[in-house]
Student: 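Questions regarding the structure given below will be posed in turn.
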Amino acid sequence: MGVPIDPHLLDDLEWRGLIAHSTDLDALREAFSEGSIKFYVGFDPTAPSLHMGHLVQILTARRLQNAGHTPYALVGGATGMIGDPKEAGERTLNTLDTVKDWVERVRGQIEPFLSFEGPNAATMVNNYDWTASLSTIDFLRDIGKHFPVNRMLARDVVKSRLEAGISYTEFSYVLLQSMDFLNLHRDYGVTLQFGGSDQWGNLTAGVELIRRADGGKAHAIATPLMTRADGTKYGKTEGGALWLDPELMSPYAFYQFWLNVEDEKIGELLRVFTFLAREEIEALEAQTAEKPFLRAGQKALAEHVTALVHGAEETERIKAASAALFGGGDLSALSTPTLAAALREAGAITVAPGLGIVDLLVESGLVKSKGDARRTISEGGAYLNNVRVEDPDLVPGEADLIGGSWLVLRRGKKSFTGIEVK
RNA sequence: GGCAGGUUGCCCGAGCGGCCAAUGGGAGCGGACUGUAAAUCCGUCGGAGUAUUCCUUCGCAGGUUCGAAUCCUGCACCUGCCA
C-alpha cells in the first residue's frame, strides 16, 4: 500500500550474519517481495532494562521497518510472569507489580528505535492483554491440544533440565509464546516472528501452532547469539550485563565497552550493531586488519552504537572525556573545565578534604573495601593523577589538587573516578 | 508414603573433629607484555586492622565436645530409586 520495499533486505540481513536459523528462506524472500509484511519480536521483562542481546533484536526490527515492513513490538507482560526455561535452572518468579514496572521500562527502551508514523507505523502490544483473562479450559483445549508433550520434551532446553528439574510453569512457556504468534497472526495478519537463536524452539513452535490451528503459513528467523572471540558470553567483563539503561550502566562505560572489543570481532559487531553501509564496514575491517593499533574499527563501532542508544550529543561528550583521560600522562595540561567535564562523564564524587588514599579509593567505588584498597596499592594498581601510589598512608594535599579542587583517581588501566575536594 | 543421596565462598567443586577463611578450576581484580585488543605469564581474590589479632561464613535451628564445615537431633529444600 504505497510503502517502498527494499528488495535487498534479506541479502543485507544474511550479509550481516543476522540469520542464524530460519524457516523456508525462499518463501520468506517471496513474502518480502510481495509488499509490507507484518512481523513481530517479543521482549520479556526479566530485568529493569534491556541489554546488548536485546539490542540485536531491536536494531533488526528497525532494519525491517526501514525496508518497508511493519513492526509489532511485543512486551511480555504475561510471559514475563512465567519466565522461559533456561539451562542454568528454574527462575524466581517476579511479582505482578514488578513485571508491570519493568514492562513500562522495556517499552520505553524499545520505542525510540521504531517509527510510529507513516504507512508502516510500528505497534506496541502486550501479551498480558490477551492472556490474563484466558480461561484454563479454553487454553488447554484450544492451545494445549496442539502441543505433543513428546515433542516438547525433545527440545534442548527442556532436555537439559530433566535431570535438575523443571517446573510445569516453565515447561508451559512455549505454549504462551506460540499463542502470542497465533493471536497476532489472527488479529493483525502478522506472518513473521524473529528472536534470538536461543528462542528458536519457541519461534518454530509458533509457526507450527499457526499451521495446526489455522492452517496458516508463517515464518521465523533467529538472530545469532553474540559471543566473544573465545566463545564465552559478553557482559561478564564489566561485572554485569551491558545494560541500555543509563542508570544501570553509564553511557561512558557503555562506550568504553565497545571501544575495547577484540579485533577479531570488529567486522561482526559492525555488521550487527551499526547501520553503516557495506563498503564502510569493509573498509573499517581492512583498516583493523592492517593497522590494528589505530583501533579505527573500535572507534567507529563505539561511536555509532553509543549514538544509537544514548544519542549523538552524549556520545560527543563521552568521546571528549575519553580523549582527555586516555590522551596522555599529564592531566594538569588540560584546562580545568575540560578535565571536570571529562571526570563527570566518567564518574565523579565530591568529598571533604583530609581523606587518605585508602578512604578515597573506597569512597570512589573503585574498590569494595579498605583491604581491597590496600591490596590494590600494594599490587601497584592505584594511581593518583596518573602517578602510581606507593604509600597506603598517603593523604593528598593542596599541591595535588588539579585546578584547585580535583583529584583523578585511577584503578588499573581503565577505571577512573574524579574526586572533587571541597 | 518408603528407601538412598545431596545442600560449601560469584559459579563449579574438594574437605568429613583441631594444622580451615576453608585444596583445585572458572569468572573477577591488579601487574608485565601491548594498541584502552587477543593470547600468555605472574600476583590477588570474606570484613576490620600496617603486626604471630579480631569478627562473620560451609541450607536453617538446636545439641555433643576443650574444640565442628566435619559427629548427633529436628526442620526446610533438591535429586534418584521404589510404591
Side-chain angles (χ1 to χ4, degrees), chain A residues 86-93 159-168 170 227-242 250 252-270 284-285 287-303 305-306 318-329 331 342 345-347 356-359 361-362 364-384 386-395 408-417:
Chain A
K86 50 176 186 176
E87 297 213 0
E90 193 76 13
R91 292 175 187 269
T92 309
L93 293 178
K159 256 195 285 185
S160 70
R161 288 280 299 278
L162 287 181
E163 273 287 296
I166 177 169
S167 67
Y168 185 73
E170 290 192 2
T227 58
R228 308 204 316 168
D230 61 8
T232 58
K233 284 185 185 171
Y234 276 109
K236 304 259 178 180
T237 38
E238 309 293 318
L242 201 75
S250 77
Y252 171 85
F254 185 85
Y255 176 89
Q256 287 290 324
F257 167 82
W258 296 100
L259 194 64
N260 281 304
V261 144
E262 305 112 297
D263 295 345
E264 305 92 285
K265 303 300 280 188
I266 278 298
E268 181 185 336
L269 294 173
L270 283 169
L284 285 166
E285 272 189 283
Q287 268 196 63
T288 300
E290 284 163 30
K291 297 183 175 177
F293 51 90
L294 292 181
R295 310 166 64 76
Q298 278 90 340
K299 285 176 183 165
L301 178 67
E303 181 172 347
V305 183
T306 308
I318 293 167
K319 280 171 67 182
S322 298
L325 294 175
F326 288 99
L331 291 166
E345 207 64 52
I357 189 71
V358 167
D359 289 317
L361 281 164
V362 174
S364 70
L366 289 171
V367 300
K368 56 181 196 259
S369 67
K370 291 185 180 183
D372 196 12
R374 291 180 196 287
R375 191 182 306 130
T376 300
I377 292 168
S378 69
E379 287 174 337
Y383 304 81
L384 178 66
N386 274 358
V387 177
R388 178 174 283 174
V389 175
E390 309 281 357
D391 175 14
D393 293 323
L394 174 72
V395 178
V408 179
L409 212 52
R410 171 157 66 93
R411 181 187 190 186
K413 276 183 275 192
K414 306 172 196 169
S415 306
F416 290 92
T417 297

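Throughout, protein chains are lettered first and strands after them, A, B, ... in sequence-line order, and every chain is numbered starting at 1.
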Student: Between Arg388(A) (side chain only) and Gly380(A) (backbone N and O only), is there a donor and an acceptor less than 3.5 Å apart?
Tutor: yes

Student: State, to 0.1 Å, how close Ala300(A) and Leu284(A) come at their nearest heavy-atom pair, and which atoms those are.
Tutor: CB-CD1, 3.6 Å

Student: Using the P atom as the point on both nucleotides, what is the distance between G15(B) and G24(B), in whole Å?
Tutor: 14 Å

Student: How long is the straight-line distance from CZ of Arg411(A) back to CD1 of Ile377(A), given to the nearest 0.5 Å?
Tutor: 10.5 Å

Student: Enter the distance from Gln298(A):CD to Leu270(A):CG here, rounded to the nearest 0.5 Å.
Tutor: 8.5 Å

Student: So how far is it from Ile357(A) CD1 to Glu390(A) CD, rounded to the nearest 0.5 Å?
Tutor: 11.5 Å

Student: Polar atom pairs between nucleotides 21-23 of chain B and protein, under 3.5 Å, N or O only, would you list them?
Tutor:
none

Student: Classify the nucleic acid contact of Phe416(A) as base, sugar-phosphate or nothing, counting any heavy atom under 4.0 Å across all strands shown.
Tutor: nothing

Student: Can you give me the N/O atom pairs linking the protein to nucleotides 35-37 of chain B at distances under 3.5 Å, or say none if there are none?
Tutor:
unit_1	atom_1	unit_2	atom_2	d
G35(B)	O6	Asp263(A)	OD2	3.0
G35(B)	N1	Asp263(A)	OD1	3.2
G35(B)	N1	Asp263(A)	OD2	2.5
G35(B)	N2	Asp263(A)	OD1	2.7
G35(B)	N2	Pro292(A)	O	3.4
G35(B)	N2	Arg295(A)	NH1	3.4
G35(B)	N2	Gln298(A)	NE2	3.4
U36(B)	O2'	Asn260(A)	OD1	2.0
U36(B)	O2	Gln256(A)	OE1	2.7
U36(B)	O2	Asn260(A)	ND2	3.4
U36(B)	N3	Gln256(A)	OE1	3.0
A37(B)	OP1	Lys414(A)	NZ	2.9
A37(B)	N3	Asp263(A)	OD2	3.4

Student: As a test of understanding, state which of Leu361(A), Leu394(A), Thr376(A), Leu409(A) forms a side-chain contact (heavy atoms from CB on, under 4.5 Å) with Val389(A).
Tutor: Leu394(A)

Student: The test is side-chain contact (heavy atoms from CB on, under 4.5 Å); show your working for Asn386(A) and Phe416(A) and say whether it passes.
Tutor: CA-CA 10 Å; Asn386(A) 274 358; Phe416(A) 290 92; 4.1 Å; yes

Student: Roughly how far apart, to the nearest Å, are G9(B) and C58(B) at atom C1'?
Tutor: 8 Å

Student: Rounded at 0.5 Å granularity, tell me how far CG in Leu269(A) sits from CH2 in Trp258(A).
Tutor: 5.5 Å

Student: Output the distance between atom NZ (Lys414(A)) and atom CG (Asn260(A)), rounded to the nearest 0.5 Å.
Tutor: 4.0 Å

Student: Looking only at atom C1', what distance separates C75(B) and A21(B), rounded to whole Å?
Tutor: 28 Å

Student: What's the gap between G25(B) and C42(B) when it is taken at their P atoms, as a whole Å value?
Tutor: 11 Å

Student: Which part of the nucleic acid does Arg388(A) contact within heavy-atom distance under 4.0 Å: base, sugar-phosphate only, or nothing?
Tutor: sugar-phosphate

Student: Could you tell me the separation between the CG atom of Leu301(A) and the CD atom of Glu268(A), rounded to the nearest 0.5 Å?
Tutor: 11.0 Å

Student: Suppose you measure atom P in A61(B) against the same atom in A76(B); what distance do you get, rounded to whole Å?
Tutor: 15 Å

Student: In whole angstrom, give me the gap between the P atoms of C29(B) and C45(B).
Tutor: 16 Å

Student: Distance between the P atoms of C71(B) and G49(B), in whole angstroms?
Tutor: 36 Å

Student: Of all the base pairs, Watson-Crick or G-U under 3.5 Å, which form stems of three or more consecutive pairs involving RNA chain B?
Tutor: B:1-7 with B:76-82, B:10-12 with B:24-26, B:28-32 with B:40-44, B:46-48 with B:53-55, B:59-63 with B:71-75

Student: What is the per-nucleotide protein-contact pattern of nucleotides 41-51 of chain B, from the 5' end, where B denotes a base atom under 4.0 Å from a protein heavy atom, S denotes such proximity for sugar-phosphate atoms only, and - denotes neither?
Tutor: --BSS-SSSS-

Student: Go through the structure and list residues passing ring-ring contact (aromatic ring centres under 6.0 Å, His included) with Tyr255(A), not counting sequence neighbours.
Tutor: none

Student: Taking the C1' atom of each, how far is G13(B) from U64(B), in whole Å?
Tutor: 30 Å

Student: Output a table of donor-acceptor pairs, distance under 3.5 Å, between side-chain atoms of residues 365-372 of chain A and any protein atom two or more places apart or on a different chain; print 'none' if there are none.
Tutor:
unit_1	atom_1	unit_2	atom_2	d
Ser369(A)	OG	Asp372(A)	N	3.1
Asp372(A)	OD1	Arg375(A)	NH1	3.2
Asp372(A)	OD2	Lys368(A)	N	3.2

